[in-house]
Student: 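Encoded as C-alpha coordinates, here's the structure I'll be asking about.
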Amino acid sequence: MNLNQVTLAVNDIEEAVTFYKKLGLIQIVADDHYARFAFPDGDASFSVYLDPDKEGLPSRGVVYFEHQELDKWVDELKSKGVQFDHDPVDQSFLWREASLSDPSGNKIKLYWAGENRLNPPWKLGQSTEKIVQGNDEWKT
(Lines give C-alpha, C1' and ligand atoms only; values in the text may rest on other atoms or scores of the structure.)
Protein backbone atom coordinates (compact mmCIF):
# COMPACT_ATOMS: atom_id res chain seq x y z
CA MET A 1 0.00 0.00 0.00
CA ASN A 2 1.15 3.55 -0.71
CA LEU A 3 -0.34 6.95 0.06
CA ASN A 4 -1.70 8.50 -3.13
CA GLN A 5 -2.71 11.92 -1.93
CA VAL A 6 -4.22 14.10 0.75
CA THR A 7 -6.89 16.60 -0.35
CA LEU A 8 -7.96 19.67 1.62
CA ALA A 9 -10.91 22.02 1.18
CA VAL A 10 -9.95 25.65 0.60
CA ASN A 11 -11.84 28.94 0.38
CA ASP A 12 -9.84 30.47 -2.48
CA ILE A 13 -8.13 28.22 -5.01
CA GLU A 14 -5.69 30.85 -6.35
CA GLU A 15 -4.59 31.82 -2.85
CA ALA A 16 -4.11 28.15 -1.94
CA VAL A 17 -2.08 27.44 -5.09
CA THR A 18 0.21 30.39 -4.34
CA PHE A 19 0.68 29.23 -0.74
CA TYR A 20 1.52 25.61 -1.52
CA LYS A 21 3.88 26.59 -4.33
CA LYS A 22 5.73 28.75 -1.77
CA LEU A 23 6.15 25.60 0.34
CA GLY A 24 7.90 24.02 -2.65
CA LEU A 25 5.16 21.79 -4.06
CA ILE A 26 5.03 21.46 -7.84
CA GLN A 27 1.63 22.08 -9.43
CA ILE A 28 0.68 19.31 -11.88
CA VAL A 29 -3.10 19.89 -12.33
CA ALA A 30 -4.95 23.21 -12.52
CA ASP A 31 -8.67 23.92 -12.70
CA ASP A 32 -10.93 26.67 -11.41
CA HIS A 33 -11.98 24.45 -8.47
CA TYR A 34 -9.10 21.99 -8.03
CA ALA A 35 -5.29 21.84 -7.97
CA ARG A 36 -2.94 18.91 -7.53
CA PHE A 37 0.73 19.03 -6.59
CA ALA A 38 3.70 16.68 -6.68
CA PHE A 39 6.54 16.75 -4.17
CA PRO A 40 10.19 17.34 -5.02
CA ASP A 41 10.90 13.93 -3.40
CA GLY A 42 8.79 10.77 -3.29
CA ASP A 43 5.72 9.88 -5.27
CA ALA A 44 2.79 11.03 -3.11
CA SER A 45 0.67 13.96 -4.24
CA PHE A 46 -1.33 16.66 -2.50
CA SER A 47 -4.41 18.47 -3.70
CA VAL A 48 -6.84 21.22 -2.79
CA TYR A 49 -10.41 21.76 -3.89
CA LEU A 50 -12.59 24.82 -3.72
CA ASP A 51 -15.34 24.47 -1.10
CA PRO A 52 -16.31 27.89 0.30
CA ASP A 53 -19.14 26.24 2.30
CA LYS A 54 -16.47 24.92 4.68
CA GLU A 55 -15.15 28.42 5.44
CA GLY A 56 -15.02 29.01 9.17
CA LEU A 57 -15.27 25.33 10.11
CA PRO A 58 -12.54 24.25 12.52
CA SER A 59 -9.79 22.19 10.95
CA ARG A 60 -9.62 18.77 12.59
CA GLY A 61 -6.80 17.29 10.52
CA VAL A 62 -3.15 18.25 10.38
CA VAL A 63 -0.92 17.78 7.33
CA TYR A 64 2.76 17.09 7.97
CA PHE A 65 5.50 17.95 5.47
CA GLU A 66 8.97 16.60 6.27
CA HIS A 67 12.27 18.23 5.37
CA GLN A 68 15.72 17.33 6.68
CA GLU A 69 16.87 20.97 6.79
CA LEU A 70 13.81 22.21 8.66
CA ASP A 71 15.24 25.40 10.16
CA LYS A 72 16.71 26.52 6.84
CA TRP A 73 13.40 25.75 5.09
CA VAL A 74 11.42 27.77 7.66
CA ASP A 75 13.80 30.73 7.24
CA GLU A 76 13.37 30.56 3.44
CA LEU A 77 9.58 30.48 3.78
CA LYS A 78 9.60 33.41 6.19
CA SER A 79 11.62 35.40 3.65
CA LYS A 80 8.77 34.72 1.18
CA GLY A 81 6.21 36.11 3.64
CA VAL A 82 4.89 32.83 5.08
CA GLN A 83 3.61 33.37 8.63
CA PHE A 84 4.17 30.71 11.33
CA ASP A 85 2.21 29.97 14.50
CA HIS A 86 5.48 28.82 16.05
CA ASP A 87 9.06 28.40 14.90
CA PRO A 88 10.82 25.02 14.92
CA VAL A 89 11.07 23.50 18.39
CA ASP A 90 12.20 20.12 19.64
CA GLN A 91 9.19 18.09 20.75
CA SER A 92 8.99 15.43 23.49
CA PHE A 93 8.13 12.85 20.81
CA LEU A 94 11.62 13.35 19.30
CA TRP A 95 10.61 15.44 16.28
CA ARG A 96 11.55 19.02 15.53
CA GLU A 97 8.57 20.90 14.15
CA ALA A 98 7.11 24.28 13.24
CA SER A 99 3.42 25.00 12.75
CA LEU A 100 1.40 27.27 10.50
CA SER A 101 -1.95 27.40 8.73
CA ASP A 102 -2.74 27.74 5.06
CA PRO A 103 -4.86 30.72 3.95
CA SER A 104 -8.06 28.68 4.53
CA GLY A 105 -7.10 27.76 8.10
CA ASN A 106 -5.93 24.17 7.44
CA LYS A 107 -3.29 23.20 10.00
CA ILE A 108 0.18 22.45 8.63
CA LYS A 109 3.24 21.10 10.46
CA LEU A 110 6.71 21.26 8.95
CA TYR A 111 9.03 18.83 10.68
CA TRP A 112 12.06 16.61 10.71
CA ALA A 113 11.96 13.30 12.58
CA GLY A 114 14.73 11.30 10.95
CA GLU A 115 14.87 7.72 12.19
CA ASN A 116 12.22 8.44 14.83
CA ARG A 117 9.46 8.87 12.24
CA LEU A 118 9.18 5.13 11.64
CA ASN A 119 11.27 3.76 14.49
CA PRO A 120 10.65 5.71 17.71
CA PRO A 121 11.88 4.14 20.97
CA TRP A 122 8.24 3.36 21.92
CA LYS A 123 7.39 1.61 18.64
CA LEU A 124 4.90 -1.25 19.02
CA GLY A 125 6.49 -4.67 18.88
CA GLN A 126 9.93 -3.09 19.12
CA SER A 127 12.48 -5.68 18.11
CA THR A 128 15.60 -5.81 16.03
CA GLU A 129 13.43 -5.27 12.92
CA LYS A 130 13.13 -1.74 11.66
CA ILE A 131 11.02 -0.36 8.88
CA VAL A 132 13.21 0.69 5.98
CA GLN A 133 12.17 2.12 2.67
CA GLY A 134 12.78 -0.24 -0.23
CA ASN A 135 12.50 0.59 -3.92
CA ASP A 136 8.73 1.07 -4.15
CA GLU A 137 7.52 -0.62 -0.98
CA TRP A 138 8.01 -0.63 2.77
CA LYS A 139 9.73 -3.71 4.16
CA THR A 140 10.19 -4.94 7.69
Side-chain angles (χ1 to χ4, degrees):
M1 180 178 359
N2 190 14
L3 175 66
N4 173 29
Q5 72 180 30
V6 171
T7 303
L8 296 179
V10 297
N11 306 327
D12 181 317
I13 199 78
E14 290 179 22
E15 189 175 43
V17 166
T18 299
F19 177 82
Y20 287 105
K21 284 171 129 180
K22 276 185 188 177
L23 293 186
L25 280 69
I26 303 154
Q27 189 173 11
I28 58 174
V29 174
D31 198 326
D32 59 349
H33 67 280
Y34 179 82
R36 182 179 279 199
F37 305 89
F39 291 86
D41 301 306
D43 62 357
S45 61
F46 178 82
S47 59
V48 294
Y49 73 100
L50 182 61
D51 190 348
D53 292 338
K54 291 196 168 82
E55 186 170 356
L57 294 178
S59 175
R60 295 175 61 182
V62 180
V63 178
Y64 285 77
F65 295 118
E66 185 174 29
H67 195 291
Q68 188 169 1
E69 295 184 35
L70 175 65
D71 292 76
K72 181 179 175 185
W73 187 27
V74 168
D75 288 343
E76 289 171 6
L77 293 172
K78 284 181 172 184
S79 74
K80 295 177 182 178
V82 175
Q83 300 291 314
F84 283 80
D85 298 329
H86 75 74
D87 287 339
V89 295
D90 293 329
Q91 301 291 344
S92 61
F93 41 88
L94 305 178
W95 294 15
R96 184 165 179 77
E97 71 179 30
S99 68
L100 63 154
S101 297
D102 76 5
S104 296
N106 294 303
K107 302 297 179 195
I108 309 291
K109 300 279 183 148
L110 307 182
Y111 78 103
W112 174 247
E115 180 73 15
N116 290 314
R117 182 168 67 83
L118 293 176
N119 297 297
W122 50 85
K123 178 180 172 184
L124 295 177
Q126 187 73 353
S127 69
T128 58
E129 294 182 86
K130 291 189 175 188
I131 297 175
V132 295
Q133 187 173 9
N135 292 334
D136 292 319
E137 60 187 63
W138 290 95
K139 300 175 183 175
T140 58

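No experiment lies behind these values; they were computed from the predicted model shown.
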Student: Can you measure from CZ (Phe19) to CG (Asn106) and round to the nearest 0.5 angstrom?
Tutor: 9.0 Å

Student: Relative to each other, are the rings of Phe46 and Phe39 parallel, tilted or perpendicular (30° and 60° limits)?
Tutor: perpendicular

Student: Minimum heavy-atom separation for Gln27 and Ala35, please, with both atom names.
Tutor: NE2-CB, 3.7 Å

Student: If you look at every heavy atom in Leu100 and Gln83, which pair is closest and at what distance?
Tutor: CB-O, 3.5 Å

Student: Show, in sequence, the C-alpha distance, side-chain angles and deciding distance for Glu66 and Leu110, and conclude whether the side-chain contact (heavy atoms from CB on, under 4.5 Å) test is met.
Tutor: CA-CA 6 Å; Glu66 185 174 29; Leu110 307 182; over 6 Å; no

Student: Are the side chains of Pro121 and Asn116 in contact, using a 4.5 Å heavy-atom criterion?
Tutor: yes

Student: Which pair of heavy atoms, one from Glu14 and one from Asp12, lies closest together, and at what distance?
Tutor: N-OD1, 3.0 Å

Student: Could you tell me which non-hydrogen atom of Pro88 sits nearest to which non-hydrogen atom of Val74, and how far apart they are?
Tutor: CG-CG2, 3.7 Å

Student: With rounding to the nearest 0.5 angstrom, report the NZ to CG distance, Lys109 to Leu70.
Tutor: 12.0 Å

Student: Thr7 vs Gln5, test: side chain to side chain donor-acceptor pair (under 3.5 Å). Steps then yes/no.
Tutor: CA-CA 6 Å; Thr7 303; Gln5 72 180 30; 2.8 Å; yes

Student: Restricting to side chain to side chain donor-acceptor pair (under 3.5 Å), what partner residues turn up for Lys72, sequence neighbours left out?
Tutor: none

Student: How about Tyr111 and Tyr64: are their ring centroids closer than 6.0 Å?
Tutor: yes

Student: Check this for me: does any side-chain nitrogen of one of Lys78 and Asp87 sit under 4.0 Å from a carboxylate oxygen of the other?
Tutor: yes

Student: So, taking the atom named CG in Leu25 and the one named OG in Ser45, what distance separates them when rounded to the nearest 0.5 Å?
Tutor: 9.5 Å

Student: Should the ring pair Phe37 and Tyr20 be called parallel, tilted or perpendicular, given that the plane angle runs from 0 to 90° and is split at 30 and 60?
Tutor: tilted

Student: If you round to the nearest 0.5 Å, how far is CG of Asp90 from CD of Glu97?
Tutor: 10.0 Å

Student: Quick check: closest heavy atoms across Pro40 and Gly24, and the distance to 0.1 Å?
Tutor: CG-O, 3.5 Å

